[in-house]
Amino acid sequence: MTMPPTVRRGEELSVAWAEELVTSVHEARDSLLIEQAVCTAASGWGRYPGFSDPTVTRIGPLVFLQGMMRNDSGATKTIPQTIVTVPSNFIPRPAGVTVPLGGTVMFANQGSQASTGTTRTQINTLGEVSVVAMNGSSGAIIVANGWVSIQLVWSVL
Amino acid sequence: MSSYVPYLHPMDEIQEEWVESVQDSLRVITGIPFIREEMTLVSGWEPYGSGYASPQVMKFGQIVVMSGLAKATAAKTAPTNIGSISSSFWPRSGVSSPLGGRLIFMNLYTSAGTYRVDVTATGGVVLQAGTATIPVGGWVSVNGMWIS
């Protein structure tokens with residue numbers, strides 16, 4: 001990353017110096033919040049009205065997903081279920097030589113069955129955000145108009 | 001940011017102090033480090049594998065994210081240590097971090113429900129409370145997020 005240009009006291013400011021400064025400002029912006037996007041909902045899933053869209057925000061290398069999704073299919077859905085897919089530039093990378101600590105990341109969330117339960121939510125290295133279990137069961141049912149929260153954090157590096 | 005960039009009035013002449021404050025601010029922003037380390041697991045735990053991220057901590061600026069999945073290689077019952085993280089990531093408490101200290105996170109375990117995982121002020125990661133014994137081959141997630 002380019003460091004901001006230095007200038008000494010008494011030195012006249014040049015156009016080239018100003019251009020370098022602008023470049024540094026742009027890079028500084030890029031190193032912080034540069035990207036935010038709404039994820040693509042899987043078939044039969046939609047945003048729960050009044051709650052957050054399934055949104056990914058990248059701050060530096062960290063990605064924060066927040067959202068609340070509803071089973072809009074009109075029928076029950078059986079877990080495991082892919083709920084949304086994140087855009088390609090937000091996907092965690094698999095473990096490898098350059099990213100030894102990469103891989104699928106799992107978080108606890110909430111969902112509604114007959115009553116509210118704890119869900120196992122994960123994002124894999126294809127960018128698929130899935131609910132893979134509720135209260136430990138992979139065969140649980142999410143009824144029509146039932147909901148799942150999807151809040152996860154991971155790194156793109 | 002540790003320094004403040006004063007606004008310029010359109011009629012102001014650019015002062016050296018202003019230029020220096022802009023430069024200082026940019027140095028702070030462009031210098032925000034990102035570090036990432038594997039958690040040191042105690043005996044009886046290992047990374048789960050199978051495509052899941054290893055237990056780890058990452059830090060961007062002062063934001064710390066802990067994540068990963070640990071597998072028990074011996075039966076585990078709370079309270080028991082899972083591992084430790086290095087001092088750069090500790091949720092410190094003290095004069096410089098008066099709001100730091102031990103933290104509690106809700107996490108998942110093999111069969112059903114949740115487990116309490118604590119991160120101590122000196123970087124210990126502890127399976128603190130939960131009703132079930134985690135069997136050999138069972139797993140627990142180690143997620144949390146804090147400011148260090």
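Lettering of chains follows the sequences in order, A, B, ..., and the numbering in each one begins at 1.
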Less than 4.5 Å to any heavy atom of chain B: does that hold for the side chain of A:T125, its backbone, both, or neither?
neither
Would you give the length of the straight line joining atom CD of A:Q110 to atom CE of B:M106, rounded to the nearest 0.5 angstrom?
6.0 Å
Examine whether an atom of A:T118 lies under 4.5 Å from a heavy atom of chain B, and if so say whether it belongs to the side chain, the backbone or both; otherwise answer neither.
side chain
Drop me the distance from B:S67's OG to A:W154's CH2, to the nearest 0.5 angstrom.
11.5 Å
Quick one: of B:S50, B:G51, B:S141, B:S54, who has the most non-hydrogen atom pairs under 4.5 Å with chain A?
B:G51
Which of A:V99, A:N124, A:L101, A:V105 touches chain B most, by non-hydrogen pairs under 4.5 Å:
A:L101
Treat each ILVMFWY residue as a node, draw an edge where side-chain heavy atoms are under 4.5 Å apart, and state whether B:V64 and B:V125 are in one component.
yes
Turns out that what part of A:L62 lies under 4.5 Å from chain B's heavy atoms comes down to side chain
Within the 4.5 Å heavy-atom criterion, are B:F60 and A:P61 side-chain neighbours or not?
yes
Verify the cluster assignment for A:I91 and A:F107: are they in a single hydrophobic cluster under the rule of side-chain heavy atoms below 4.5 Å apart?
yes
What distance do A:R120 atom CZ and B:T114 atom OG1 have between them, rounded to the nearest 0.5 Å?
12.5 Å
Is it true that B:V126 and B:F89 fall in one hydrophobic cluster, defined by side-chain heavy atoms closer than 4.5 Å?
no
Where on B:E38 is there a heavy atom nearer than 4.5 Å to chain A: the side chain, the backbone, both, or neither?
both
Quick one: pull up CE in A:M106 and CG in B:L69 and give me the separation to the nearest 0.5 Å.
4.5 Å
Let me know if B:F34 has heavy atoms under 4.5 Å from chain A in its side chain, its backbone, both or neither.
side chain
Roughly how far, to the nearest 0.5 Å, is OG of A:S155 from NZ of B:K59?
15.5 Å
Report yes or no: do B:V142 and B:L108 belong to one cluster of Ile/Leu/Val/Met/Phe/Trp/Tyr joined by side chain heavy-atom distances under 4.5 Å?
no
So CD1 of A:I59 and CD1 of B:I63: to nearest 0.5 Å the spacing works out to 6.0 Å
Shared hydrophobic cluster, A:I123 / B:M58 (ILVMFWY, side-chain heavy atoms < 4.5 Å)
yes
